[in-house]
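Only one structure is covered here, and it is reproduced in the block below.
One-based numbering along the sequence shown.
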Amino acid sequence: SETFDYGSTPSKIKVPDTLSFGVGWRPSDLWLVSFDVNRIGYGDTTPIRTITQGLGLDVNSDGQLTEEIKDGTTFHLGVEKVFVLESNNTISIRGGAFTIEDHDGIKDIDSSDTAFTVGLGTTFGSNSQFQLDLGASFADATNNVILSGIYRF
C-alpha cells in the first residue's frame, strides 16, 4: 500500500469563555427550582472561514454571508418534583426552559431560540444504585431526546 503526505497546516481553534451564576431553591425536600444566567464570550470564537468551501466563494472577503459573532447571555430555568416510593426508590418529573443566542456567524440564519424541556427520572435497586433519566428539549430549530443511566457501586 502507498502512503501519501498531504501536508498539514497548524491551526488554532478558539472556544468561548463562559461566566455563569445560578441559584437553587428547595421549598421542600421533594421540590427544586433552579435558575442560572450564563454570559458566553461567543466573540472569542474562531470566525467562520468558509461555509461554501469548493464553490469558489470567500465568505469573509465582502461580509455578504457572514456576520460578527457577538457575546451573548443565556438563561435557564428548571423545576423538579421527586416522588419517593415505598421501596425508597424515586421517580422525578422535570420541566424547564432555556434561551439560545445567535452565534452561528451566518448573516441569513438567526439561530436565537427558546427551548422548552421535559424529563422523567427514576432510581431503583438496593440503595437506589441504578438511575435512569429521559429528557427532551423542543425548540424551533431542533428537538432533542436524551437517555442516560448511572450505576452506583
**Message:** Go through it in stages, so that I can follow the logic: the residues are Arg39 and Asp71, the test is side chain to side chain contact (heavy atoms under 4.5 Å, CB included), and I'd like the CA-CA distance, side-chain angles, deciding distance and then a yes or no.
**Reply:** CA-CA 7 Å; Arg39 182 66 180 166; Asp71 295 349; 3.4 Å; yes
- Going by atom types only, do Gln129 and Ser126 share a side-chain donor-acceptor pair under 3.5 Å? yes
Output for pair (Thr73 OG1, Glu101 CD), nearest 0.5 Å, gives 6.5 Å
Note: Thr117 and Ala97 closest approach over all heavy atoms is OG1-N, 4.1 Å
**Q.** Mutual orientation of the aromatic rings belonging to His76 and Phe98 [parallel < 30°, tilted 30-60°, perpendicular > 60°]
**A.** tilted
Quick check on Lys70: does its NZ atom have over 12 non-hydrogen neighbours (other residues, nucleotides or ligands) under 6.0 Å away? no
Heavy-atom closest pair (Pro16 atom, Gly41 atom, distance to 0.1 Å) is CB-O, 3.2 Å
Donor-acceptor check, side chain of Asn144 to backbone of Ser137, threshold 3.5 angstrom: yes or no?
no
Check: Do any N or O atoms from the side chain of Asp110 and from the backbone of Ser112 form a donor-acceptor pair under 3.5 angstrom?
Finding: yes
One should read off an interatomic distance between Ile100 CD1 and Ser111 OG, to the nearest 0.5 angstrom, of 8.0 Å
Tightest non-hydrogen contact, residues Trp31 and Val79, listed as CZ3-CG1, 3.7 Å
query: Ring centroid separation for Phe124 and Phe130, is it under 6.0 angstrom?
result: yes
dist Asp104:CG -> Ile69:CD1 (nearest 0.5 Å) comes out at 7.5 Å
Please determine whether the number of non-hydrogen atoms from other residues, nucleotides or ligands lying under 6.0 Å from atom CG of Asn143 exceeds 12.
yes
Tell me if a side-chain donor or acceptor on Asp113 pairs with a main-chain N or O of Asp140 at a distance below 3.5 Å. yes
Is it possible for you to say whether Leu19 and Ile40 belong to one hydrophobic cluster, with membership spreading through side-chain heavy-atom contacts below 4.5 Å?
-> no
Does Phe35 reach the side chain of Val33, with side-chain heavy atoms less than 4.5 Å apart?
no
One should read off an interatomic distance between Leu77 CG and Phe116 CZ, to the nearest 0.5 angstrom, of 10.5 Å
From the list Leu85, Asp133, Thr90, Val82, side chain to side chain contact (heavy atoms under 4.5 Å, CB included) with Thr123 holds only for Thr90
Of Thr122, Leu120, Ile150, the one forming a side chain to side chain contact (heavy atoms under 4.5 Å, CB included) with Leu132 is Thr122
Interatomic distance, OG@Ser34 vs CZ@Arg94, rounded to 0.5 Å, equals 10.5 Å
Rounded to the nearest 0.5 angstrom, the CZ-CD1 distance for Phe83 and Ile93 is 4.5 Å
